[in-house]
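Source: prediction; values computed, not measured. As a basis for the values below, the full set of heavy atoms in this structure was taken, side chains included, without hydrogen atoms, waters or symmetry mates.
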Amino acid sequence: MRKWIIAIVLSAALLGGTKVRAQYNREYFFWMGQRCMMESNYQEAIRTLNTLLRFDEDAYEGYFLRGIAKYNLDDLIGAEADFTTAIRKNPVYTQAYTYRAVTRSRLGNYDDALQDFREAIDLRPDLPGPYYSRGVTRLLNQQFREAIDDFDKFIRQENKVADAFLCRGLSYLHLKDTLRAYENFDMAIRTNRENPSGYNHRGGLYLHQQRYAEAEADFNQAIGCDSTYLLSYFNRALVYSSTNRPTQALRDFDRVIALDTLNSLAYFNRAMLRTQVGDYNRALDDYDRVAAYSPNNVLVYYNRAGVYTQLGEIEKAIEDYTSAIGLYPDFANAYIYRGRLRELLHDARGARADRNTAQRKIAEYRSRLSDRTYSIYADTTQRFDRLLSFETKLSGASFDKIAGHGGREEMRLLPLFKFSLMRPDTIPVVERYHLQRIEDFKRRIGNPYLVLTCRASDLAPDTLMQLDKNYTQELKRGNPSWEVYFERGVTQSLIKQYTNSVNTYSSAIEMNPTNPFLYLNRSTTRAEMIDFISSIDNSYQRITIDSDPANRLNNNSKRTYSYDEAIADLNKAIKLCPEFAHAYYNRANLRALSGSLPEAFEDYTKAIGLNPWLAEAYYNRGIVQILMKDTRKGCLDLSKAGELGIEEAYEALKRHTQTN
C-alpha cells in the first residue's frame with residue numbers, strides 16, 4: 001500500500017511544482033525528495049525537504065511530503081504536525097486532510113480523524129481514497145455498519161483493490177454475517193490472486209467451521225504467495241493436526257519457529273505434537289523453553305509432568321504437578337495424577353490425600369454446574385492436548401497483562417484492590433486518602449493484618465493455611481458472624497480456593513447485605529477465578545485486520561471473558577458507597593480486560609477524582625490510553641504514576657518510547 005501512497009504523493013507534489021523562485025531551484029529539491037521517497041530513503045528525503053522549507057516557508061507541498069516521510073518512519077506525531085502545517089498554509093489541501101486523518105487514526109484519535117475525513121470528502125467528494133481510509137478507521141473504531149457504507153462507496157469507484165473487499169468482509173464478520181464475509185474474501189482473492197491475506201482470511205473461516213480440506217487449500221495458496229508469512233504455516237499446522245497428520249504439522253511448526261525463534265505458542269504446540277508421536281526428549285526441550293517464556297502458565301507444568309511420567313522421571317513429574325497445583329489449587333487433574341505417581345513411590349499417605357482432594361474438587365464442580373459463575377470451570381478434569389490457536393495468550397494471569405497492539409510487548413495492568421492480609425510493618429505509612437467507612441470496617445473486623453491493597457500478601461503459605469483452619473473451627477462452633485465468614489473468605493482467596501471463597505463471601509453477604517466491602521472482595525475473587533480460566537483457554541482461530549491505507553495493521557480480535565458477575569458486585573459496592581474510589585478502579589480494570597477501554601477510562605477518571613493520590617489508577621489509565629493510541633495523555637498519566645511512587649511507570653514509559 002505504501003507504493004500507492006507514494007504515487008498519490010508524487011502526483012500531488014508535481015501539481016504544486018510549477019512555482020520557481022530565483023534564489024534556488026525549487027523543482028530540484030522536489031525532485032530529489034520524491035526520488036528519495038521512491039527509494040524508501042525517508043531520512044534523506046526529510047533532509048532534502050528541510051532545505052526546501054528553509055528557503056520557502058510557505059511551500060505547503062513540502063510540509064506534506066515531509067509528513068509522508070515521517071509517517072513512513074513511524075514518527076506519527078511529527079507527521080501529524082507537518083500535515084497540520086500544510087493545511088494551515090493551504091486550507092483546501094484535500095490530500096493533507098486525508099493523510100492527517102490516517103495518521104490520527106493510527107494514533108487512536110478517531111474523533112479528529114473522522115472530522116478530517118469529513119473535510120476531505122466535502123472538498124472532493126469524487127475522490128475514492130478518503131472513503132476507503134475512513135472505512136478502515138470506522139472498522140478499527142468498531143463502527144462496522146458505517147465502515148461497510150464507506151467501503152461500498154469506495155468499491156463503486158475502485159473495484160480492483162483487494163484490501164477494500166477484505167476490510168468489508170471483516171466488517172461483515174464482526175456483524176456475524178458469515179455469508180457476506182465469505183463473499184468479500186472471495187472477491188478479494190479474485191481481485192488479487194497474489195495477495196496471501198485473502199487466502200488466510202478465508203482459510204481462517206474454513207478452519208473455524210472445521211472445513212479442513214478447504215482451509216488447507218487456502219493456506220497452501222497463501223504460502224505459495226508469500227513463503228515467509230508465518231501465520232499461514234501456523235494455521236496449516238492446525239489443519240494437519242486436526243486431520244491426524246502430526247508429522248506434517250510438526251514440519252510447519254518448525255517453519256514458524258525458524259521464522260520467529262521466540263514464538264512460545266509454536267514451541268508449546270510442537271511440544272504437544274512431539275508428545276503425541278512419542279518424541280518425549282525433544283518435547284521436554286520445547287516445554288522448557290515455554291516455561292522460561294511463560295513461567296506462570298499452569299498448562300506448561302501440567303503437560304510437562306506428563307512427559308516426565310512417560311520417561312519414568314517420577315520425581316520431576318511430581319514436582320511439575322505440584323507447581324501446577326501451586327498456581328491453581330482447584331486443578332483436580334493435577335491432584336489425580338500426582339496421587340497416582342505418589343502411589344508408585346509408595347507414598348500411601350500423600351496418594352490418599354491427593355485422591356481425596358481430587359474427589360472433593362470434582363464434587364464441588366458437579367454441585368455447581370447450574371451456577372452462572374465461572375466456578376463451573378474451577379474443576380478441570382479434562383484433556384489439555386488440543387493445539388492452541390495463533391492468538392491464544394500463554395501469559396498466565398489476565399490481571400497482570402493486557403494485550404499490546406501493533407506488535408508491541410504486552411503491557412501490564414496493576415492488579416485489583418481487595419482487603420487482604422499483610423504484616424503491619426510492610427504496609428506503606430503514607431496514606432492521604434481517608435474514607436471513614438473503611439476505617440470503621442477494619443476496626444469492626446479487628447484484624448491487625450487486614451489492609452486494603454493491590455499487593456500480594458507477604459504472609460507465608462503455612463500461616464495462611466493455619467489461619468484458614470482456625471476460621472473453619474470457629475465456624476463449626478455454631479452461630480458464626482459475618483465477620484468470621486469474611487475473614488475466612490479472605491484466607492481461602494489467598495490460598496487460591498476461589499470457589500470456596502466465593503461461597504464464603506456469599507454467606508457473609510446474606511448476613512450483611514449492605515456492606516460494600518464484602519461485595520468488593522467477592523468481585524475480586526470471582527475475577528481471579530476467571531484469570532485462571534483464561535490461562536488454560538484453548539480457543540481457536542480468530543480473525544485479524546491486516547491492512548489500512550498505508551501499512552498493515554495487526555489488530556487481533558481476541559477472546560474476552562465475561563466479568564459480568566464480578567462487575568455486578570462492584571456496581572453494588574458503588575451503589576452502597578459512591579465515594580469508594582477503589583471500587584471504580586477495580587471496575588475499570590475489569591472493563592479494560594473485557595475490551596471496553598473507553599468505559600475503563602471513565603472509571604479510572606472517577607477513581608482519580610475521588611482519590612487524587614491513587615497512583616495505580618493513573619498508571620492503568622495511562623496504559624489504557626496508550627492502547628487506545630492517545631499517546632500523549634497516556635504518557636502524562638504514566639509520568640504522574642511514577643511521581644506518586646509507581647516504579648513500573650518509568651519502565652513502561654521507556655518500553656513505549658522504544659516501540660514508537
Side-chain angles (χ1 to χ4, degrees), residues 182 185-186 189 193-291 293-294 297 299-300 302-304 306-307 310-311 382-394 536-544 546 554 556:
Y182 273 126
F185 294 154
D186 288 342
I189 291 168
R193 297 188 180 276
E194 302 303 317
N195 185 350
S197 296
Y199 298 107
N200 269 301
H201 284 304
R202 191 176 67 181
L205 277 178
Y206 286 139
L207 176 60
H208 181 72
Q209 296 185 338
Q210 299 183 8
R211 296 163 64 178
Y212 297 123
E214 294 154 299
E216 181 181 347
D218 271 348
F219 296 137
N220 287 339
Q221 288 284 355
I223 290 168
C225 295
D226 184 353
S227 61
T228 64
Y229 194 22
L230 64 84
L231 181 59
S232 305
Y233 293 102
F234 194 104
N235 284 339
R236 191 174 67 176
L238 296 181
V239 172
Y240 286 145
S241 176
S242 299
T243 52
N244 299 313
R245 289 177 284 173
T247 302
Q248 290 156 287
L250 283 168
R251 280 202 298 266
D252 272 353
F253 282 127
D254 289 343
R255 182 61 176 164
V256 172
I257 290 169
L259 292 168
D260 180 4
T261 58
L262 299 179
N263 193 309
S264 61
L265 195 56
Y267 285 111
F268 188 85
N269 282 358
R270 191 172 70 175
M272 284 190 284
L273 282 173
R274 284 176 166 175
T275 303
Q276 290 172 16
V277 300
D279 190 358
Y280 300 124
N281 287 311
R282 293 209 293 172
L284 276 182
D285 292 340
D286 281 344
Y287 278 129
D288 289 344
R289 281 182 177 270
V290 182
Y293 298 148
S294 306
N297 187 277
L299 281 187
V300 177
Y302 176 80
N303 286 6
R304 190 172 65 180
V307 178
Q310 294 292 335
L311 291 171
Q382 53 180 293
R383 293 173 62 87
F384 292 100
D385 56 359
R386 185 184 181 195
L387 299 193
L388 304 182
S389 72
F390 189 76
E391 292 81 14
T392 302
K393 300 297 180 184
L394 281 174
I536 62 172
D537 176 33
N538 289 350
S539 56
Y540 260 58
Q541 175 69 19
R542 301 170 180 92
I543 304 304
T544 61
D546 65 357
N554 291 311
N556 291 339

If we ignore hydrogens and angles and just use 3.5 Å, is the side chain of T261 paired with the main-chain N or O of I257 as donor and acceptor?
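Not confirmed, T261 side chain does not pair with I257 backbone.
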
Check: S227 main-chain N/O paired with Y233 side-chain donor or acceptor under 3.5 Å
yes

Give the minimum heavy-atom separation between [X] and [Y], together with the two atoms involved.
X: S241; Y: A249; result: N-CB, 4.0 Å
X: I223; Y: S232; result: CG1-CB, 3.5 Å
X: Y199; Y: C225; result: CE1-SG, 3.8 Å

Under a 4.5 Å cut-off applied to non-hydrogen side-chain atoms, are [X] and [Y] in contact?
X: F219; Y: L231; answer: no
X: E194; Y: D226; answer: no
X: L259; Y: R255; answer: yes
X: Y287; Y: T275; answer: yes
X: Q276; Y: L273; answer: yes
X: L311; Y: N281; answer: yes

Name all residues meeting the side chain to side chain donor-acceptor pair (under 3.5 Å) criterion together with R274; count only those two or more places apart in sequence or in a different chain, and write none if there are none.
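If we apply the side chain to side chain donor-acceptor pair (under 3.5 Å) test to R274, skipping adjacent residues, the hits are D286.
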
Those residues that, when tested against R282, pass side chain to side chain donor-acceptor pair (under 3.5 Å) (two or more places apart)
D279

Applying salt bridge (Lys or Arg N to Asp or Glu O under 4.0 Å), can you list everything that pairs with D254, at least two apart in sequence or on another chain?
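So D254 forms a salt bridge (Lys or Arg N to Asp or Glu O under 4.0 Å) with R270.
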
Spatial distance of atom [atom1] ([X]) from atom [atom2] ([Y]) [nearest 0.5 Å]:
X: H201; Y: D186; atom1: NE2; atom2: CG; value: 13.0 Å
X: D252; Y: N269; atom1: CG; atom2: CG; value: 12.0 Å
X: L299; Y: R304; atom1: CG; atom2: CZ; value: 13.0 Å
X: D260; Y: L230; atom1: CG; atom2: CG; value: 6.0 Å
X: L207; Y: R236; atom1: CG; atom2: CZ; value: 13.0 Å

Sorted by chain and residue number, the side chain to side chain contact (heavy atoms under 4.5 Å, CB included) partners of R211 (sequence neighbours excluded) come out as Y182, Y206, Q209, E214

Under the rule for side chain to side chain contact (heavy atoms under 4.5 Å, CB included), what residues qualify as partners of E216, not counting sequence neighbours?
N220, V239, Y240, R245

With Y280 via ring pair (Phe, Tyr, Trp, His ring centres under 6.0 Å) - residues at least two apart
none

I would like to know whether V300 and F268 meet side chain to side chain contact (heavy atoms under 4.5 Å, CB included); could you show each step before the answer?
CA-CA 8 Å; V300 177; F268 188 85; 4.0 Å; yes

Evaluate the ring planes of Y293 and Y267, with Trp represented by its six-membered ring, and classify them as parallel (under 30°), tilted (30 to 60°) or perpendicular (over 60°).
tilted

